6 protein chains.
Amino acid sequence: MFACVAIVPGSFDPVTNGHIDVIERASRLFRTVRVAVADNSAKRPTFSRDERVGMLTEACGHLSNVTIGWFDGLLVEYARAISAHAIVRGLRAVSDFEYELQMAHTNRCLAPEVETVFMPTRTDYSFLSSSIVKEIARLGGSVEGLVPDGVRQRLREKFDQRAS
Amino acid sequence: MFACVAIVPGSFDPVTNGHIDVIERASRLFRTVRVAVADNSAKRPTFSRDERVGMLTEACGHLSNVTIGWFDGLLVEYARAISAHAIVRGLRAVSDFEYELQMAHTNRCLAPEVETVFMPTRTDYSFLSSSIVKEIARLGGSVEGLVPDGVRQRLREKFDQRAS
Amino acid sequence: MFACVAIVPGSFDPVTNGHIDVIERASRLFRTVRVAVADNSAKRPTFSRDERVGMLTEACGHLSNVTIGWFDGLLVEYARAISAHAIVRGLRAVSDFEYELQMAHTNRCLAPEVETVFMPTRTDYSFLSSSIVKEIARLGGSVEGLVPDGVRQRLREKFDQRAS
Amino acid sequence: MFACVAIVPGSFDPVTNGHIDVIERASRLFRTVRVAVADNSAKRPTFSRDERVGMLTEACGHLSNVTIGWFDGLLVEYARAISAHAIVRGLRAVSDFEYELQMAHTNRCLAPEVETVFMPTRTDYSFLSSSIVKEIARLGGSVEGLVPDGVRQRLREKFDQRAS
Amino acid sequence: MFACVAIVPGSFDPVTNGHIDVIERASRLFRTVRVAVADNSAKRPTFSRDERVGMLTEACGHLSNVTIGWFDGLLVEYARAISAHAIVRGLRAVSDFEYELQMAHTNRCLAPEVETVFMPTRTDYSFLSSSIVKEIARLGGSVEGLVPDGVRQRLREKFDQRAS
Amino acid sequence: MFACVAIVPGSFDPVTNGHIDVIERASRLFRTVRVAVADNSAKRPTFSRDERVGMLTEACGHLSNVTIGWFDGLLVEYARAISAHAIVRGLRAVSDFEYELQMAHTNRCLAPEVETVFMPTRTDYSFLSSSIVKEIARLGGSVEGLVPDGVRQRLREKFDQRAS
């Protein structure tokens, strides 16, 4: 049997156009894709888990085989729970790669039946990250073209709210 | 529609246990896997194209959804010719990654409908390459555990023949 | 018209001899150089903005075409405000490079008319950073040769003050 | 005279099987090996200094030329105090390497008579770190094979205690 | 005095749109830019020195402060001969960076008065190299958008000529 | 028993001051150091095996526990033949590191009882290699300070001889 379910995990705090690019690619390669928001309270996210799930749901509405979920334990336990065969991660640059390779080997050690596959992001998103998007928004710059429209609106609310 | 055909391209001069590891992983994720030997005469391979196809055929006999082929033009043209949706490449280390990323972007530029996916090799094969295997064999060392048994035999013939 | 104004931005917390090396090189390549202290309160600097500007002013006194300033918004907005054509960054090692490349692409996206140029630091400063200097000073080691003399004095005051 | 005393410094928060691998290798190359726990309160370790020394003492009991100690100042001062000739560090991946090279050059600058030597860890421990071990334990995964048995027990106590 | 002459050296075998991007950027930062073709016969270039100079002359016709030349000795001797203050190199990826840093330090050692500056290429040219362009052309793929139009024509002639 | 014999292998075509730096460091850490010239005819060295051994013998005359030898098979076989416990390699930069790590893992696989240790070179030799030294000499530049005096003389003879 061939794989039909893939997970695209992440913090998505918030989702960027780079993430959407990877999710779209995965949705063309796998029968079903579950985008999984990591609910790691230790990381003190800017957006709540529900806000992050909401932004993803809106941004992935055009992809019929993609669903959104969240998990708060080990990623591989979540993968097992939803019978996923593959974990998909976008790769931008070398520094990404080493960390991702380390996570892939750790997950293989914990759950050998789940494969990790990497997909390279588009070169024009190679510099894009949630942190950089938030930094630009915080300093009043424009994030047009870097995040989905709905996220742009939420970033404005979040940082205007803080400033006032 | 979800992807069902993936290509695992390479020189396979000769195939190592690291290559087999990647092919096995790909065969669990995709419906059909075509292992494709690059017939690039400019590279002056140690084994002929037919020898390389032969060793792969023998080494992949246990994988029912894997077939072996070869190509001598652009990889993406071959991918189109066999209606492949994905190119699968194993990744061992950082230096691999940069070259592979460059090839992935080039191929995307030439054929946007074919996705490149990377799969990390097992850590105990992270140092393994066809070049190192040939170097060890040439100097009379043992390549047991590094290549399929059939390849070990052929390496011996190749380098004994040269020495005599 | 050719470029005449370049910015050397940074936290400079505190300025090291590695920074001075880059500033001196930039001052030989560009008509005017503005050293710009990033006033990012989120980073909780060891030295206040005014202390950092003061140490730089003292350490760059011998460079007639170098002035010191600070900014607290987007770097590219500051560049536009002072009509700078280039952002100059020192590069020490590979890990620097990836982050710097990411920032360069982000800044190009926000302000395409401002170029980022990288200048390699002297090899004997390749290990030097403000963090390492502070760590050595905190643990009572000597930072002679690593920072300008005025900075050495201030580091002593800062960490003696804390210890007592 | 040839070197006889080597230091293996680290946070060891907690010691992993990757650390033990490096300590065992060092114990075969040098007459005496001192494993030195860095007591850096700024890092807010999960285990106290005494707990970390205790776990190491237990895990290194089979190595007759290895002793355990701790230091809270500059590593090179500690090296001088115990007349060590070499600092031994394990290397896993490229990202390790750059940081380690920076520390080696800093230490050489502070104490030219102490050499830093790097030893590569086993490939199957190349993904292993204290942080990943703690993350797995925190989320309820199994760390068997990743840390010494005694550490496994302590991790369970630490994270069960927190959960309850 | 501020720098007014910069060299952009390279093999340019052939010039790509990535090279043109760097030359254009340099022409906005420096008063005069000399593009310098390295005439290194040991490298066995695909195009002769004169062909390479010719393609560059055509491709840089729109840049009034850019001239084309060639050199066959040490780059720094050429820099001195034309009174250049800076060597400009494009940077694409990490593997570029290490080699370039090595050359920069070597050149600084030979001629301390000439500075090397690096400029990052556009992200969508980050995968582009003369080698890849020739490989695509050799295998019959399209290099539209990767090289100037004149170069495309010459590549066709070169590889058609070889095939027939 | 602690290790007393270490090998410093290499092509040494020719030996540079960077190599000497590593050999001197190794000679302070190990009781006996064997510098081992790899006699790999496939690499087509500039200097013959005997020339390379001769230059090393001259350059290491001041180190009483260092001897010079050569090998033409597997390095680990040579290590076993002379009862060496450690292979010492200098590390300059990240690109070195990946290749060296690959060789270390290969050698460990072939001879688990021989440890590989890496020693970082001085930062001011971080750009130095035999290739760069030969390139500078070939183009008529000065290699003073980059190689031992005897090597400088031999490089002049080699390249003058070729030119005439």
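Throughout, protein chains are lettered first and strands after them, A, B, ... in sequence-line order, and every chain is numbered starting at 1. Here the structure is a predicted model, which means the values were calculated and not measured.
A distance of 10.5 Å separates NE2 in F:His105 from CG in B:Asp124, rounded to the nearest 0.5 Å. F:Leu75 contributes atom CG, which lies 10.0 Å from atom CG of B:Leu139 (distance to the nearest 0.5 angstrom). Remark: F:Gln102 CD to B:Ser129 OG distance equals 5.0 Å, nearest 0.5 Å.
Contact of F:Leu74 with chain B is made through backbone and side chain together, with heavy-atom distances under 4.5 Å. Within the 4.5 angstrom heavy-atom criterion, atoms from both the backbone and the side chain of B:Ile136 approach chain F. Contacts between F:Asn107 and chain B at a heavy-atom distance below 4.5 Å are absent for every atom of the residue.
Taking both residues in full, the closest heavy atoms of B:Leu146 and F:Cys109 are given as CD2-SG, 4.1 Å, listed atom of the first, atom of the second, then distance.
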